[in-house]
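Below is one structure, written out as structure tokens; the observations come after it.
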Amino acid sequence: MPGPRASSRLSLPCRLGLVLLLPGVASAQAVESEPAEKEAVTAETPPEAGTRTVVTATRLPRPLRDVPATTVVIPRAEIERSPTLTQDALVRTLPSAATFRRTPSLVADPTAQGLNLRGLAPSGVARGLVLLDGLPFNDPYGGWVFWRALPRLGLDRIEVVPTGGSALYGSAALGGVVQLFSRPITGPVLDADVSVGNLGTGFVAARAADRWGRIGASLEVEGLTSNGYRIVPENQRGNVDGDTPSKHVSAQARVEVEATDHLSLSARAGGFRETQNGGTRYTVASVDLAWFAANARLRTDGAGAFELGLFGRTQHFAQDRARITPDRNFEVRSALQDVPANDQGGSLVWTGPDLTLGGTHVLAAGVDVRRSAGKADELLFPAAYTPTTLYARTTRGTQVSGGVFVQDLYTVSPALEFAGTLRWDTWRNSDGVQQESFANGATTVTSFEPRTASQLSPRLAARVRPLDWLTVRASAYRAFRAPTLNELYRPFQVGTVLTAANPDLGAERLWGTEAGVEATGPKGLTGRVTGFWNVLDAPITNVTLATPLPDGTTRQRQNLGRARVRGVELGADWRLSRQWTALAAYTFVDPVVTRAPGQPDLVGRQLPQDPRHRGVFAVTFDDPSIVSVTAQLRVFSPQYEDDLNTRGMGGAALVDLFVSRHLFWKVDAFGAVENLFDRQYLAGRAGVDTLGPPFQARVGLRLRDVFSGSNARAAPGAPGR
């Protein structure tokens, strides 16, 4: 790409190129992307990358060259050309991002899909915050992420900030933030995808959008069905083991109104239904989810901008558990579990006008609050009954949290900028109750004392550009994560391993720093190096108990003590010619337990469920008159299933492929392959070994921008790039 470039792993027209950007998060409405019909022009004549705007790391729209912390962006072109089928698989193509275990949401329910960034103590509960247009999308009860609930056709880009983000976003942003941005509403536009593949895979999606003067609306729908695969290795399978079928449907409607030249309003509502089978008759899970969100943004001439966001959600998660004989030839239902939950919340953010005092200051301040409530109803089917056998259990609780923050972006000169942020949070767990019923008719009720805690989270960052081709960034921060209702009150089972809840859990706390250098060379060659060091105090971990509990539980959630997570990220991309682009990225993480009171055997152990080494290499050839091809190599090293590092899982190298060809009018044909060479590798070892996804291929047709053209209407005031 001609000219100096900012931190960017995107070299359009490369669809798979990932953009390494920098912090800059405001609301989704603060910065609008250009209309879809302009993207084809952008692909032909890519703009200066440094002029692109991002909004996740500072809650303010900033040119990516001017933001003082690493941010990765997956733009719409990359989303369109990714071989992946689900959003979690897409995010995992970034070496700095992962979900708990190696199985995708195609075969794993949301409780095993927690997001972690830079290897920060992976677990089923996300240690990173997921936002949709500025509002939280993490599950209110367990912190899980329903990745398949967001129709891909509606996404404009994904911004990933893999560093402690509590100073701006509070509890859930301990390890960073992933924000999904909706496509701008232009119109009239109609898009559609349909594909079929092996493993009984079928996919259909559609998006329609239009504008009527100052009013715009869009509707997105998506459906997916898959037979999955046999997740247990062949040498361990028994009569109970089969495929892992799943299906989902999702829909989302959005309305935007430019009420005046200074006031914009938006609202959205969505629904999601998912069912999954874990590979046996009695390992079934389902999710029903409905949500709404509303936003108002007021821009004034002298007092800055004010943005109000409101959201709410209701959901129901259900899961069956099984008891399987050691030879895996017989199974019986061991438990039924229902988890209804709901949450409501809102935020108000003010962004001030530019102030001049020894440079330029942009102040921002905000307040947010969230209430979450839920319960877990369990019906147990023990192997044998005695008068004291537990057969039913109900736990419930409520959590209210809120925080206030202030930020100053101080630009001393074009070569030097500082960002200082301070946030105070408080949260309260209340209404915690557990009721247990026994075979003899006895019932016990345990009430948990309300608990209140608070946290101060500072962050200081700097960006220095001594030369136009050289940028240096550094930051230091403190972050935290309060335990979820799920961790406090809900026990769970994976395979044959039972894990108990713990109502006495405290918050996790993180101290960290990062520093990086980015250099732009001739002929579009850009390289980056970022080092990071995090110390995680009292991480909530599934600890193996010295003596099992009376019900056979062998693990319990506990605040572990301390872990050190340090590492380095390397990246480079190169635009070899107008048609050819290459990129490479690598993340090394060294996550080690450094203190574990009462568990001395854990000191020096590696944190489970995350490899030390992850890398990706991709090459793209893109010529619209011929074909577009992306080949991607993903590599990850061995990792451990458990905290004692006794159950190892080997590494793997996987090749993915995407090919598309224009047919006629606005119709393209495409093919996508994941794990091209059918490499077999372990994804879990929780009592029984489980496998990662095998060879998956699909072919389909893509209809894009029907009705768009010279008469297409863009959103009022939508800026170009």
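One distance of note links OH of Y410 with NE2 of H361; it measures 4.5 Å at 0.5 Å rounding. Atom CH2 in W147 sits 9.0 Å away from atom CG in L90 (nearest 0.5 Å). With values rounded to the nearest 0.5 angstrom, L120 atom CG is found 6.5 Å from R127 atom CZ.
At most 12 non-hydrogen atoms from other residues, nucleotides or ligands lie less than 6.0 angstrom from CG of L357.
Side-chain atoms of S82 never come within 3.5 Å of backbone atoms of I79 as a donor-acceptor pair (strictly under, hydrogens ignored). Counting only distance, with no hydrogens or angles, the side chain of S171 and the backbone of A482 share a donor-acceptor pair below 3.5 Å. Of the possible donor and acceptor atoms, none in the side chain of D156 sits under 3.5 Å from a partner among the backbone N and O of P184.
For T99, the side-chain hydrogen bond (donor to acceptor under 3.5 Å, both in side chains) partners two or more places apart in sequence, or in a different chain, are R92.
Counting heavy atoms from C-beta on, the side chains of N116 and F100 never come closer than 4.5 Å. Between Q455 and W427 there is a side-chain heavy-atom pair separated by less than 4.5 Å.
A cation-pi arrangement, defined by a distance under 6.0 Å to the six-membered ring centre and an angle within 45 degrees of its axis, is absent between R605 and Y640.
Contact check on D425 versus R481 returns no salt bridge, with no Lys/Arg side-chain nitrogen under 4.0 Å from an Asp/Glu carboxylate oxygen.
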